[in-house]
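Structure record follows, encoded as structure tokens.
Throughout, protein chains are lettered first and strands after them, A, B, ... in sequence-line order, and every chain is numbered starting at 1.
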Protein chains: 2
Amino acid sequence: MQTNAQVSAQGNGDPSTQQLIASLVAEGVLTDPESPRGRLLHAAARLFEQKGFARTTVREIAAEVGILSGSIFHHFASKEDILCTVMQEVTVYARARMAHAVAAAESPREKLRACIVCELEAIHGLAVPGFSILVVEWRSLSPDSQKKVLRLRDEYEQIWLDTIAGAHCPGDEPALVRRLLVGALSHTYSWFKPRGRGLSLSDLADRVLLIFAPQ
Amino acid sequence: MQTNAQVSAQGNGDPSTQQLIASLVAEGVLTDPESPRGRLLHAAARLFEQKGFARTTVREIAAEVGILSGSIFHHFASKEDILCTVMQEVTVYARARMAHAVAAAESPREKLRACIVCELEAIHGLAVPGFSILVVEWRSLSPDSQKKVLRLRDEYEQIWLDTIAGAHCPGDEPALVRRLLVGALSHTYSWFKPRGRGLSLSDLADRVLLIFAPQ
DNA sequence: TTGAATACCAAGCGCTTGCTTGGTAGCGTT
DNA sequence: AACGCTACCAAGCAAGCGCTTGGTATTCAA
């Protein structure tokens, strides 16, 4: 494992990102983004994020990759299957990315900051395309599909809980802090613009850290 | 104004709640809940909250009040018009309720706590049926409809901002605190159960206050 | 007694939706 | 050359959707 490679916020182009994706594809937990199935998943994620699941049609997803709507069902059992797969792969990738960032940080407080930055980058489309779908479209999933995603989500949340526990936040209730934090961070999606001239993402992370882990 | 009538969390049955509604109806800013239009709005709010806007059909809303689907369009121009009206009336009512609670509290810190409790009660369906729709279904609204609701929403938010400014939260940035707070509180919808045997709503409000306004 | 307004029904139109079916082109393997 | 696999097309079905239209029952004021 390369210790000096802190995951950057510059998107999907840089080498360390591609390396992470490649290793996850090799593990079999991520679909190859170059494959037809992979390209469909990316197109669907983009559309679901942009317009929402219910307002996105399978015809639009198909058109995005240049095939007809019927051909989608060669790769997925149903429209919901697409959403479920997107959510699973997004979760797997986000988890791997955050684990990487936490391992690279040194102090407990820096580790917590790394988590915050990671999730903010994910929410704002700087690092994990489709991440916001996990929050917004949760109810569009059937109970069975929810269980599948939840199993992966638990692994993601465990990193958070361990990190919060290490940082000694007020009240010493990591689960509660995480719950308030995930809400606060998710909601930044609807007001924070990382490319604006005001608050930067790094500034925002500092402000959040100041409130949830003062000292 | 009756100063001793703190708005309770017991739902829609108690006298002070009915009095508040009646006065808003008299002002013309709320539809009479007994009227056909009012009953449709309540049914729609319930269904939108339960199943989401896209997954609720006008036929279901109509059936809920015992009429046929076509008859709905005697009262509303479109399905979206129903959603927009629901959101407007929910906002008006929530604002009135919170203004009342803030006025009844004495210290700045207690006023902030009153806001937190008010919004938690609203989110968890204890006081303002349909409140969660404002958060979850925002994107289901056309830009024009969004503007209409936003104008009312601003009045609601102003109460929050003034109250936060008075309580001197860390960083002294009321707008930022409110933004993190609204996310944290909204998200409690997906994990906090006010009727459970664990944390009570009042306990939760205390914990939130401890983090966002320590002292 | 008339007329307007309100609230609703009965029927169905036009459109979109997710998804199915039967078939084909290209490609690597044997 | 024959096979099988992957990826896709062409056509369309069945169902559900929001919404329209023309008409009726009831109520209440003039």
Using a cut-off of under 3.5 Å, enumerate the N/O to N/O pairs linking the protein to nucleotides 9-13 of chain D.
from: D/dC9; atom 1: OP2; to: A/Leu68; atom 2: N; distance (Å): 2.7
from: D/dC9; atom 1: OP2; to: A/Ser71; atom 2: OG; distance (Å): 3.0

Kindly confirm or rule out a cation-pi arrangement of B/Lys79 over B/Phe73, judged by NZ or CZ under 6.0 Å from the six-membered ring centre and within 45° of its axis? no
Take the protein atom CD1 of B/Ile82 and the nucleotide atom P of D/dG18, then report the distance between them rounded to whole Å.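 Taking atom P of D/dG18 as the reference, CD1 of B/Ile82 is at 9 Å.
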May I have the distance from A/His75 (atom NE2) to C/dC19 (atom C1'), rounded to whole angstrom? 15 Å
What pairs with A/Pro174 under side-chain contact (heavy atoms from CB on, under 4.5 Å), at least two apart in sequence or on another chain? A/Leu161, A/Ile164, A/Ala165
Please identify each residue that fulfils side-chain contact (heavy atoms from CB on, under 4.5 Å) with B/Glu155, with sequence neighbours left out. B/Arg95, B/Leu152
May I have the list of side-chain donor-acceptor pairs in residues 27-36 of chain B shorter than 3.5 Å, sequence neighbours left out?
from: B/Thr31; atom 1: OG1; to: B/Glu89; atom 2: OE2; distance (Å): 2.6
from: B/Asp32; atom 1: OD1; to: B/Glu34; atom 2: N; distance (Å): 3.0
from: B/Ser35; atom 1: OG; to: B/Asp32; atom 2: O; distance (Å): 2.7
from: B/Ser35; atom 1: OG; to: B/Gly38; atom 2: N; distance (Å): 3.0

So if I take residues 31-51 of chain B and measure heavy-atom distances to DNA chain D, which residues fall below 4.0 Å?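 Result for residues 31-51 of chain B: none.
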Shorter than 3.5 Å, N or O on both sides, protein versus nucleotides 22-29 of chain D: list them out with atom names.
none

Closest heavy-atom pair and its distance - B/Val182, B/Arg153: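 Result for this residue pair: CG2-NH2, 4.2 Å.
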Considering all heavy atoms of both residues, which atom of B/Lys51 and which atom of B/Arg55 are nearest to each other, and what is their separation?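 B/Lys51 and B/Arg55 have their closest heavy atoms at O-NE, 3.0 Å.
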Is it true that B/Arg207 and A/Glu173 make a salt bridge, defined as a side-chain N closer than 4.0 Å to a carboxylate O?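 Yes, this pair counts.
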Looking at D/dG18, D/dC8, C/dT17, which one has an atom nearest to any side-chain atom of A/Thr57? C/dT17
Which nucleotide wins on minimum distance to the side chain of B/Lys79, given the candidates C/dC19, D/dG18, C/dT17?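 Of all the options, the side chain of B/Lys79 is nearest to D/dG18.
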